[in-house]
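This report concerns only the one structure given below.
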Amino acid sequence: MKFIPNSPLKKQMLKEISLSSIDELFLDIPKSIQINHLDLPDGKSQMETEKHLRILANKNKDCNELLLFTGGGIKPHYIPAVVKSITSRSEFFTAYTPYQSEASQGFLKAMFEYQSMIASITGMDIANCSLYDGATAIGEAALMATRITKKKTFLIPSNLSSEKKSVLMNYGQGADLTIKEFTYDKKTGCINIKNLEKIIDEQCSAVYLEIPNVFGILEKNIDTIETLVHNNNSLLIIGIDPLALGVIQSPGDLGADIVIGEGRNLGNPMDFGGSSLGLFACKSKYIRQMPGRLIGLTHDADENEAFCMTLQTREQHIRRGRATSNICTNEGLCSLAAVSYLSLLGANGLQKLSEENFEKGQYLKEQIIKIDGFSEVFNGIHFNEFVIQSEKNVKEINKKLLKSNIQGGFLLESWFPSLKNTFLFGVTENHTKEDINRFIKVIKGVSNV
Amino acid sequence: MKFIPNSPLKKQMLKEISLSSIDELFLDIPKSIQINHLDLPDGKSQMETEKHLRILANKNKDCNELLLFTGGGIKPHYIPAVVKSITSRSEFFTAYTPYQSEASQGFLKAMFEYQSMIASITGMDIANCSLYDGATAIGEAALMATRITKKKTFLIPSNLSSEKKSVLMNYGQGADLTIKEFTYDKKTGCINIKNLEKIIDEQCSAVYLEIPNVFGILEKNIDTIETLVHNNNSLLIIGIDPLALGVIQSPGDLGADIVIGEGRNLGNPMDFGGSSLGLFACKSKYIRQMPGRLIGLTHDADENEAFCMTLQTREQHIRRGRATSNICTNEGLCSLAAVSYLSLLGANGLQKLSEENFEKGQYLKEQIIKIDGFSEVFNGIHFNEFVIQSEKNVKEINKKLLKSNIQGGFLLESWFPSLKNTFLFGVTENHTKEDINRFIKVIKGVSNV
Amino acid sequence: MFKSAVYSEPFLNELHSKPIEKPTPHKSIPSTLIRKKPLDLPNLDETQIIRHFHHLSQMNFGVDTGIYPLGSCTMKYNPRINEVISNWDKFSCIHPYQDESTVQGTLQMMYELEQMLKEITGMYAFSLQPAAGAHGEFLGMILTKQYHTSKNESDRINVIVPDTAHGTNPASASMAGYNVIELPSTKDGAVDVDVLEKTINDKTACFMLTNPNTLGIFESDIDEIARIVHDAGSLLYYDGANMNAIMGKARPGDMGFDIVHLNLHKTFATPHGGGGPGSGPVGVGKKLEQFLPIPRVIKKKENYHLSNDFKESIGKIKQFYGNVSVLLKAYCYITLMGGNGLKEASEVAVLNANYMKEKILQKGSYELPFRSLRKHEFVLSCESLLKKKGIRAMDIAKHLLDNGVHPPTVYFPLIVKEALMIEPTETESKYDLDCYIETLCKIADEDTEKIKDSPYNTPVRRVNEVDATKKPVLTWNQI
Amino acid sequence: MFKSAVYSEPFLNELHSKPIEKPTPHKSIPSTLIRKKPLDLPNLDETQIIRHFHHLSQMNFGVDTGIYPLGSCTMKYNPRINEVISNWDKFSCIHPYQDESTVQGTLQMMYELEQMLKEITGMYAFSLQPAAGAHGEFLGMILTKQYHTSKNESDRINVIVPDTAHGTNPASASMAGYNVIELPSTKDGAVDVDVLEKTINDKTACFMLTNPNTLGIFESDIDEIARIVHDAGSLLYYDGANMNAIMGKARPGDMGFDIVHLNLHKTFATPHGGGGPGSGPVGVGKKLEQFLPIPRVIKKKENYHLSNDFKESIGKIKQFYGNVSVLLKAYCYITLMGGNGLKEASEVAVLNANYMKEKILQKGSYELPFRSLRKHEFVLSCESLLKKKGIRAMDIAKHLLDNGVHPPTVYFPLIVKEALMIEPTETESKYDLDCYIETLCKIADEDTEKIKDSPYNTPVRRVNEVDATKKPVLTWNQI
Ligand SMILES: Cc1ncc(COP(=O)(O)O)c(C=O)c1O
Ligand SMILES: Cc1ncc(COP(=O)(O)O)c(C=O)c1O
């Protein structure tokens, strides 16, 4: 049997330990629950498996075949070949969590560098080396805010995506959090500060906001909000798209206490929503309340530089029921992709990338609203996603686009029922000018009919 | 500029060596021949390059899309993922020829194992660690035979592929070889021994034959031929398909003095005919006349096992004009793929693979000759290729097959004008029963019209 | 002979960097938001980056480096073909909101994977959403809550875990708001049925267990345990980290477990990636099905759909649908192995463990607390070595590193003193098992000083983890 | 600090192998041909194989490990994107006899690559068939023959090469049946034009040269040389191994060369693969075009074809059309770099070499024979070190290995005593150049004994190459 070198040696090995059959090894399983086989097909050869999977694969259309202009925080980005070349070094990807630091210095140092880079781009003091994804990171941040402030009301924008809201609700319920929403300005798409002022109270542990927000809008009045939040003795938690940080102020400079985000964009593929990476950074003073793994610099017995997991007393394997989080396996290899990706970009590259995403976002929007029947919903400045209202039925438009191998915008109505007939479009550096022009031509065609 | 880290440091570096411009570094090039730029487009980004290459790629149909039944010694074989995983270890693929043995033990040991495995499956004493391809290996073998025997007539089958013949002619001309052909039996497709007997004379350095031969036929009367050749004080050189060696006698056991072959099949992709690997093995006593690189076992200063290139005095960098061959860069990484592939197969796997190829060859042929208008040309036993005569125009049939995404047989007439309207078909373990059945159905359809 | 590669590799930001360019961002960005301070990342060239990580990689130990018998973690060989397939654009470059008609292949894979996992575990329905084992546990606890709430029993506020439980079990339970009650094991290392019966009551929401447990011991009283738990109105939760012991031999569903999580990155050979991404699918019995996260993959005629049409669903536990590439690798693995292969995997995993256990015990340096027959792993104690020679489990671990092999899990489960928890898995050859046994036993005879000072052959010597916590340095800027 | 990984890795056939099964081949195979002895290969498991080669890989030095300034070999960084693209099934899984309509992408690539190489070299036409540089040389010699034969001058039986020539030059010439005449260099390290004039005559078929030559010196008299060669009715051959020095600065075609080979695995960044596959395209002037190998890629309207329609062609030099994946990588590289990038590459390659040369000379331990201005490489002599301290070039090479860097080429070209031939290439950073300079110069000051005993930090100590030749052991069976 493949992957089981001792298959032909079973008899010999049994004999060496004075047993006569495999069954004897399973005598401790009560007969009543023993089974004899699994009702699954027998194993296929590698060739057959590959052929089978190729059939499945051919039922998908990837983003080289299907031009995607779908927003929602996940979009096709270009991943340099070097990233995969690094993450497929098998010393990295076949390793476990670095419990034995002496045998894991490579991964540990890379994770230290990841933490450094995430701290650097977010402008925060420290970062952990990953949570599951951006959504669970909001949940963990909410719990952390409560641990720090001992307060239990968590404020979120009413236009947080319903997926994230749902995850947050599930994370919040164990700690009995009350989750309240503040509204957004219907004109700008920015936070309705008046409303936030009204809602915030002494029970408020933290205010969560996103830059860019779910509409792609870059929040304008962070200083006002920051003052408001901190005067209330609450924490400011900012959710970011790391690829925007080349043009926008870092959350650290904006006064954030905790920064979270979805890091898939940093060198990981869309993977149908997998390969996620929960970014998590904060101020130093909150270090002992952080969830997740932290890699620290220390020294070895010869006083040479060395790295290890640190502050493990926060973690489940030491503190068990009183850990700051239950997380154990995280998204290590996605972090490795991220640190590789960021080092390939460098400061100059990240800046250019942000600019390009910003500019393509503007360009695409301008082209779309030139078309009859399409209009911009919010007039706030947006990054690489934006909301468009259509006079025609959006579902129908998407259906027609699909016939030209174009995947149109995300239908925001499914998250926000009041936003009828709206698209959330997204565009990135991965879309060439020709891609965009082709899209515009096709959508013009199908929406004219 | 990418891949040039010092681009921004040119001024500083120039200054440090007391120069003021790049131009000064090129003063030794006469003005008359200096140019200022190349008339090529400016460099593209990695993303643009990838997109451009994807456009080219989409103009090809690979063997997953196009069902191939084309013979000619090169066919789709299944390559386990492990092979590429090993050859893409960058310590291997970014290394040069192992001139510094202490820093190349890994590759050297792998090449030693390659030599061992090639010697083992061919049944010869020794093997080198690659020549360019199977065709140039015939050329090198011919030259080596002349060095050994001091005789200058080289005998080949008249049904050697015209491509190989042409390569051989070019290799032979420097040493003034006379290349003569012996015919094949029109019924069996085997060697016409009578004709060989007639042609062989005291000037004959060696007789070259192939198992399977160009028609896919497994030669029957090797013992007779072997006696004939050796009684004539000539060498017997056998060309093999290594994947047949699981079922057929090894050339060593058949009395070959030199064995050559195309090793691409051993874990290398078809690559439009690239990624070739010239196999070369022989009897020990001829070691000093061998072309190509040899890796030897030795020891280091501490008497530990160590490997190095050996008998380099045969090679061009030492012996220059009197080297046994001019070969320097060979096909190292293809050899690494081959040793990986052979270790994945093992004896059991290679045997099963040979059997499967043999049996699929029989099956496909039987199915084809059942169809009206197709008949077998030779009645000798064949391996996984075979020749079929058609009553209808073969070009037309292939054209029609192509419409169903099937690539039909190779048209043998282009090599052997007398073999009018014949196909050389090939099939391997990579063709499933369904593939074969689909092919039969389609070819039946198109040849009935 | 083994020595790890050693490079004194500078930090990325110590490598030569090209100058950082001044920001020239678009005017239309609000001035309060525009980045003013330049980004602080080094500007490097590919060559520098590739070499940096190349060097780091060689200072890291993976399953490809050698045997890695980390108990509880099931570090088996990760088939390369799965890496190749999951890397195909057709699988990896698809958007979660693409039209369903353009992702039928992946939806079919997910649907079929659920069917496979159902058959393997005997559960009624699965969710593939959780990103890891602990995440699955947390989902399990949320489902537990929802279940009891739906029955108007929200006052079930306790979750019982054995004292051998993995740390994530109590952590997940308490994150979901439960009180954790720890159950002491019998001297046999199993659940104490009597104590369980006394502990459990109408405040109990769930009993979390793994079977075989973390000592590698199969809880033979499982029928009785399930009866007690269910009689008390509680749920029974299965931590699937040890599923590698019993595939094709027994199923948690048949044992009476109501909720199960699996670790695809353990049992199903997906690589652990130095810490993820993982995947912790959760299977449930019929009575919990309606609470599973949305969307769920459903099949209508020949087509697959993502359906949100489950009113009682707890909603979402992660954005989108799980770590899909990990799911795909597990799907490939199950396809490769088949029902027969999975069974063989468990059989040989158990054989390998018992073989090692017996061979080691024969040499007499280590003790095996508790019952003898183990499943796919076993826990040794080196307490007597500590008493005799002052050698601790951690010392042994470090000196194993000098031999080019990875140590077992140490100091877990907590009830074993100086624990060495060994899980060879089925993908190791007898040759490697024999070498490991020999090395482990030789270490017991070595000079105490030498072992205390180990490791010697690793990129660094013994790492001072205590100093790391004193004044934590977590980034370049804190150095 | 650098130490290579060390594993005492057994041979594959020493690993635990499953039993070899008896052959059960098909009855219809003739009994004389059927395999009787069982095959003698170990039957291993993937885990064992992966680990074996993993260990071996870590005991091998590549460009990814560190600076590799092997003179004449142009060991530059190999862009990863090229590996990815050439691995696409659409390029790698195509059959050479597929219908032309199904391989238009690859044919277009080959056609365009020829155009690019023509522009870079100034030649009239190219063949992509040769598998390596030496193979290109051999083709060049065959073309030379065909050319002279076509002019009824088959009595041109001599080929002249400078004494600095690479070994493949004379080897290729003599393999094609030519007498090789070696031309001594001037004290400047260049072609001695007077001696050339005296040597060349109506028996001369070709003069083979590289420019810059293997000392890194540009042959400034190239116009004169070309005139002399052509006046004598001979051809002038360009060994393109040194093309990395002059891209966008000068072209062999403009210098009067009639035949050129390029080493894609040097100048065009395709990896050398530990010894190949390489690719050595050959370009020719108009008067030789009709002799180029077949098939050739031609373009008709928008379509590409493989044409055999060249009656005077020499036929084939390799089966099929060359090492296509290598061609593809070079095509990608040129696309990435563009005309501007290639020029920059040559400029910085030359800058790096002269920078190193100057810095090293400043420290005074090594001498630079011949003229000072070099192109992309330079040759030092450590003859004075040998005289003073008994240290040889090879000793220095070995001790460089201890520092985690690859040594230069040693003892080539032959006219320099104790030669160290250094070619940094443009892909190395100043930081790495500076480290290399420092290391090299420090070695000159070290204790002779220590250097003689080096290397220390490699997987093995100094390898005894002499013993290897005494009774050669080339396979397992010969041990
Ligand atoms: C017994 C047991 N339970 C739960 C877990 C948690 O799984 P994960 O690390 O995937 O969150 C582990 C893994 O460490 C384990 O060994
Ligand atoms: C100057 C010179 N000419 C020719 C060659 C031969 O090239 P190849 O090794 O590709 O056959 C080389 C490479 O070693 C070389 O350096």
Side-chain angles (χ1 to χ4, degrees), chain A residues 1 4-5 13 17 25 28 33 38 40 42-43 56-57 59-63 86 89-91 93-97 101-103 105-107 116 119 126 132 135 166 174 247-248 269 272-274 296-298 300-301 306 308 310 316-317 320-321 323 326 328-333 346-348, chain C residues 20-21 25 39 41 43 53 56-57 59-64 89-90 92-93 96 102 104-105 131-132 134 167 170-172 174 176-177 180 218 248 254 271-278 315-316 319-320 323-324 337-339 341 344 358 429 458-463 465 468 473-476:
Chain A
M1 177 52 66
I4 312 183
M13 290 173 70
I17 56 172
L25 289 168
D28 50 3
I33 55 167
L38 291 170
L40 293 173
D42 276 357
L56 289 191
K59 297 183 186 175
N60 288 347
K61 278 192 181 163
D62 64 44
C63 69
I86 290 170
R89 293 283 300 171
S90 68
E91 294 93 330
F93 81 82
T94 73
Y96 201 75
T97 299
S101 13
E102 294 84 357
Q105 286 298 300
F107 205 84
S116 302
I126 51 176
Y132 300 134
S166 177
V247 285
I248 65 166
F272 203 45
L297 173 65
T298 180
D300 72 356
C308 63
T310 191
Q316 47 73 31
H317 59 286
R320 302 177 68 83
N326 71 333
C328 177
T329 292
N330 54 22
E331 302 279 320
L333 209 67
N348 297 347
Chain C
I20 292 177
E21 288 162 21
L39 279 163
L41 296 175
N43 290 305
F53 288 105
L56 293 189
S57 76
M59 296 191 282
N60 215 63
F61 193 103
V63 172
D64 278 16
D89 286 354
K90 289 274 204 173
S92 65
C93 299
T102 64
Q104 285 295 304
S172 300
S174 77
V180 178
F218 194 86
D254 301 340
H272 195 274
K316 296 190 68 58
Q319 240 190 327
F320 312 121
N323 275 333
V324 182
M337 299 298 281
E344 174 90 359
E358 288 303 318
S429 69
T458 42
V460 296
R461 301 288 305 280
R462 188 90 58 117
V463 174
E465 303 198 349
V473 177
L474 307 183
T475 71
W476 297 330

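Just so it is clear: chains get the letters A, B, ... in the order the sequence lines come, proteins before strands, and each one is counted from 1. Note that the coordinates shown come from a computational prediction; the quantities given were computed from them, not determined experimentally. Heavy atoms only: backbone and side chains are in, while hydrogens, waters and symmetry mates are out.
Most heavy-atom pairs under 4.5 Å with chain A, from the set C:Gly177, C:Gly341, C:Gly248: that is C:Gly248. Ranked by heavy-atom pairs under 4.5 Å with chain C, the first of A:Ala95, A:Gly346, A:Ala103, A:Ala135 is A:Ala95. Per-residue heavy-atom pair counts under 4.5 Å with chain C were compared for A:Leu40, A:Asp300, A:Ile4, and the maximum is reached by A:Asp300. Counting heavy-atom pairs closer than 4.5 Å to chain C, the top-ranked of the candidates A:Ala347, A:Gly332, A:Pro5, A:Ser166 is A:Ala347. Heavy-atom pairs under 4.5 Å with chain A peak, among C:Met59, C:Met337, C:Gln319, at C:Gln319. Between chain C and the residues A:Gly274, A:Cys328, A:Gly273, the most heavy-atom pairs under 4.5 angstrom are made by A:Gly273. Taking A:Gly106, A:Pro269, A:Cys63 one by one and counting their heavy-atom pairs under 4.5 Å with chain C, the maximum is reached by A:Gly106. In terms of heavy-atom pairs under 4.5 Å with chain C, the best-connected choice from A:Asp28, A:Thr97, A:Ile17 is A:Asp28. Taking C:Gly275, C:Ala134, C:Gly62, C:Ala131 one by one and counting their heavy-atom pairs under 4.5 Å with chain A, the maximum is reached by C:Gly275.
Taking every heavy atom of both residues into account, C:Phe320 and A:Phe272 meet most closely at CB-O, 4.3 Å. The heavy-atom pair separating C:Pro277 from A:Leu333 by the smallest distance is CD-CB, 3.9 Å. Across all non-hydrogen atoms, the minimal contact from C:Ala171 to A:Ala323 is CB-CB, 4.4 Å. The two residues A:Tyr132 and C:Ala132 have their closest heavy-atom pair at CE2-CB, 3.6 Å. Contact between C:Ser174 and A:Gly321 at its shortest, heavy atoms only, is OG-O, 2.5 Å. Contact between C:Val463 and A:Cys308 at its shortest, heavy atoms only, is CG1-CB, 3.9 Å.
Rounding to the nearest 0.5 angstrom, the gap separating the CD1 atom in A:Ile126 from the CG atom in C:Leu474 is 5.5 Å. Rounding to the nearest 0.5 Å gives a distance of 8.5 Å between CD of C:Gln104 and CG of A:Asn60. We find the CD-CZ distance between A:Glu102 and C:Arg461 to be 10.0 Å, quoted to the nearest 0.5 Å. Put simply, OG on C:Ser92 and CG on A:Asp62 are 8.0 Å apart, with the number rounded to the nearest 0.5 Å. Separating the OG atom in C:Ser172 from the CG atom in A:Asn326 is a distance of 3.5 Å, to the nearest 0.5 Å. In this structure, C:Glu465 CD and A:Thr298 OG1 are separated by 8.5 Å, a value rounded to the nearest 0.5 Å.
At distances below 3.5 Å, at least one donor-acceptor pair connects side-chain atoms of C:Asn43 with backbone N or O atoms of A:Asn348. Distance alone, capped at 3.5 Å, places no donor-acceptor pair between the A:Gln316 side chain and the C:Pro170 backbone. Using modelled atom types, no side-chain atom of A:Thr329 and backbone atom of C:Gly278 make a donor-acceptor pair closer than 3.5 Å. Checked by atom type and distance alone, the side chain of C:Thr102 never pairs as donor or acceptor with a backbone atom of A:Lys61 at under 3.5 Å. For C:Asn60 (side chain) and A:Phe107 (main-chain N/O), a donor-acceptor pair under 3.5 Å exists by modelled atom type.
For A:Ala57, the parts sitting under 4.5 Å from any heavy atom of chain C are the backbone and the side chain alike. For chain C, the nearby parts of A:Ile33 are the backbone and the side chain; heavy atoms of each come within less than 4.5 Å.
Under the salt bridge (charged side-chain N to carboxylate O under 4.0 Å, His left out) criterion, A:Arg89 pairs with A:Glu91, B:Glu91, sequence neighbours left out. In terms of the ring pair (Phe, Tyr, Trp, His ring centres under 6.0 Å) criterion, C:Phe53 has no residue partners (sequence neighbours excluded).
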Practice task
Please test A:Gln105 against C:Thr458 for side chain to side chain contact (heavy atoms under 4.5 Å, CB included), starting from the C-alpha separation and ending with a verdict.
Solution key: CA-CA 9 Å; A:Gln105 286 298 300; C:Thr458 42; over 6 Å; no
